[in-house]
**Q** 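One structure is given below, represented as structure tokens, and several questions about it will come after.
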Number of protein chains: 2
Amino acid sequence: MADELKVMGTLRRRALDAARLLLEESGAEGVQLRAIAARVGSGVATLYHHFDDKDALLAALAIEGWGELARKIEEAMASDRFAHRIDGASTAFLGFIRRHPQLYALMQTEQALAANREVRAAEQQAFASFQTAFRGDERVPPERVEEISLVIWVLGRGIASAVLMQAEPGAADELVRRVISGFGFLLSPRFAG
Amino acid sequence: MADELKVMGTLRRRALDAARLLLEESGAEGVQLRAIAARVGSGVATLYHHFDDKDALLAALAIEGWGELARKIEEAMASDRFAHRIDGASTAFLGFIRRHPQLYALMQTEQALAANREVRAAEQQAFASFQTAFRGDERVPPERVEEISLVIWVLGRGIASAVLMQAEPGAADELVRRVISGFGFLLSPRFAG
DNA sequence: AACCCTTGTCGAACCATGTTCGGAAGGTCT
DNA sequence: AGACCTTCCGAACATGGTTCGACAAGGGTT
């Protein structure tokens, strides 16, 4: 509320940044057009010259989020910190959820975005990146790649939604730990389904 | 809008029924106090004598939902249609999600309810019922019961949120099928994690 | 009966937030 | 200069949650 530097950077860009900040500060509730306009130092009506409506703004935010997630996944797979690409991709995925819970919730649970084709395409893109981690892994038969990566992807959605329900942040970490531990056990040969 | 039978049944009960109906007809967007009041044939202000506010109404809806789910799980476990109690509980869980996607979404993703202690307790209760399906199963070591049931529970959340994102209903069924198939494969001894 | 207190009800207003309207300021093209 | 486009804005509008003040019905209490 003090900075308001109107100089440089398209207003669209700055509005998205402000929205992202508001989202992380105060959750989805906090993302209000008047609040964004105040941060950016513009009038509310101005925002409508850069976005069709609020949903379009949220959609742009979500699309950027999926892109960011895809990039993180690819970086992790490229790095040599992990024994398997699957581990890298999964770690990047979970890390993103833990680091940006509000953003991921928006990307994932906002009903209004479900109908948006571009958002869906962006998620498909991210999922495609994730899938490549499973393709070529000797433990995964090629015809199962899609199914198996889908399971982990969906489990990630579940973890995110469970995490958001937790009131205290510590509980969230513990929850994630337990889910991963349990999942690991299910995958181990000890468990004969 | 034609019935409006004011006779019998506390208004609270009828308001909840109307809300539930609105939820299933038109999604969370459709659950509006004025719409509920119209259905029930009362003024809007009257609703405030039965619920603290809208969130309290939604919370009551969610609590009933969790109770319903717990009941379904227990019925399925008691029946003899399933080889293992785990199968019964899981089927009941998934069936509930598929049959009441909007309600489950409310129970699970509505941010406002995350802070509500009674809603959380109701979910804990339902989860506890679910957990008993794993307790005593010869394939699950006792010390792993909690973790493993948690994984399935969280996976269910993920399935629900993924299903809600699907535009066409057919795609949702296909998605659920693929996730379950993939999960089944991961559990099979063929996959050595 | 007269009095009060609680409960349920309501229309009207209040308020926050997304949205639209009409116009102003500045640039570019002809 | 004139026409036109983009960017911008204050003000008003629409919707939906919420509060206010009042009215009616029932049940004690005196």
Side-chain angles (χ1 to χ4, degrees), chain A residues 1 3-23 25-62 102 106 110-116 119, chain B residues 1 3-23 25-62 102 106 110-116 119:
Chain A
M1 225 160 279
D3 27 78
E4 250 100 290
L5 13 155
K6 298 216 175 111
V7 294
M8 107 151 316
T10 85
L11 198 150
R12 179 186 167 91
R13 177 70 262 143
R14 288 185 296 135
L16 285 175
D17 292 341
R20 173 79 175 262
L21 229 50
L22 284 165
L23 177 66
E25 281 170 14
S26 17
E29 305 277 295
V31 184
Q32 300 170 1
L33 295 185
R34 281 173 175 81
I36 296 172
R39 289 270 176 122
V40 160
S42 82
V44 210
T46 303
L47 297 175
Y48 280 82
H49 281 266
H50 299 271
F51 305 93
D52 280 356
D53 54 15
K54 186 183 182 182
D55 282 349
L57 190 153
L58 296 181
L61 220 50
Q102 303 286 356
L106 174 82
E110 203 65 28
Q111 281 287 78
L113 304 187
N116 187 304
V119 175
Chain B
M1 223 159 284
D3 28 79
E4 252 98 294
L5 12 155
K6 301 217 173 117
V7 293
M8 106 149 315
T10 85
L11 197 149
R12 180 185 166 91
R13 178 70 262 145
R14 288 185 296 135
L16 286 175
D17 292 342
R20 173 81 175 260
L21 228 51
L22 283 165
L23 177 66
E25 282 171 13
S26 16
E29 304 278 294
V31 184
Q32 299 170 2
L33 295 185
R34 282 172 174 83
I36 296 172
R39 288 269 176 123
V40 160
S42 82
V44 209
T46 303
L47 296 175
Y48 280 81
H49 281 265
H50 298 271
F51 306 94
D52 280 356
D53 54 13
K54 187 183 180 181
D55 282 349
L57 190 153
L58 296 181
L61 221 49
Q102 304 287 357
L106 174 82
E110 205 63 29
Q111 282 286 80
L113 304 187
N116 186 304
V119 174

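Chain A is the first sequence line, chain B the second, and so forth, proteins listed ahead of strands; every chain is numbered from 1.
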**Q** Can you tell me how far P of C:dT19 sits from CG of A:L57, to the nearest Å?
**A**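 One finds 10 Å between P of C:dT19 and CG of A:L57, rounded.
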
**Q** Got a sec, which residues hit side chain to side chain donor-acceptor pair (under 3.5 Å) with A:E25, two or more places apart in sequence or on another chain?
**A**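 Partners of A:E25 by the side chain to side chain donor-acceptor pair (under 3.5 Å) criterion, ordered by chain and then number, come out as A:R39.
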
**Q** For A:Q111 and B:Q102, run side chain to side chain contact (heavy atoms under 4.5 Å, CB included): C-alpha distance rounded to whole Å, both residues' side-chain angles, the deciding distance at 0.1 Å, then the answer.
**A** CA-CA 10 Å; A:Q111 281 287 78; B:Q102 304 287 357; 4.0 Å; yes

**Q** Among residues at least two apart in sequence or on other chains, which ones pass salt bridge (Lys or Arg N to Asp or Glu O under 4.0 Å) with A:D17?
**A**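 Expected list: A:R13.
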
**Q** Can you name the closest pair of heavy atoms from B:L61 and B:L16 and give their distance?
**A**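 Scanning both residues, the minimum pair turns out to be CD1-O, 3.6 Å.
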
**Q** Looking only at heavy atoms, what is the nearest atom pair of A:A62 and A:L106, with distance?
**A**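 Residues A:A62 and A:L106, closest heavy atoms: N-CD2, 4.4 Å.
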
**Q** Quick test: give all pairs of protein nitrogen or oxygen and nucleotides 26-28 of chain C nitrogen or oxygen below 3.5 Å, distance rounded to 0.1 Å.
**A**
none

**Q** With a cut-off of 3.5 Å and sequence neighbours excluded, list every side-chain donor-acceptor pair involving residues 27-37 of chain B.
**A**
| residue | atom | partner | partner atom | Å |
| --- | --- | --- | --- | --- |
| B:Q32 | NE2 | B:E29 | O | 3.2 |

**Q** In residues 45-54 of chain B, what residues come within less than 4.0 Å of DNA chain D, judged by heavy atoms?
**A**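 Residues of residues 45-54 of chain B that come under 4.0 Å of DNA chain D are, in numerical order, B:A45, B:Y48, B:D53, B:K54.
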
**Q** Restricting to side-chain contact (heavy atoms from CB on, under 4.5 Å), what partner residues turn up for B:A56, sequence neighbours left out?
**A**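 Checked B:A56 against side-chain contact (heavy atoms from CB on, under 4.5 Å); matches are B:F51, B:D52, B:D53.
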
**Q** Rounded off to whole Å, could you give me the CG-to-C1' distance for the A:L58 and C:dG18 pair?
**A**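 Result: 12 Å.
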
**Q** Could you tell me how far apart A:L33 (CG) and D:dG10 (C1') are, to the nearest whole angstrom?
**A**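 About 16 Å, once rounded to whole Å.
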
**Q** Measure across B:A59 and B:V119 and return the closest heavy-atom pair with its distance rounded to 0.1 Å.
**A**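 In terms of heavy atoms, the two residues are closest at CB-CG2, 3.7 Å.
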
**Q** Closest to the B:R34 side chain: D:dA12, C:dA13, D:dC9?
**A**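 Closest nucleotide to the B:R34 side chain: C:dA13.
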
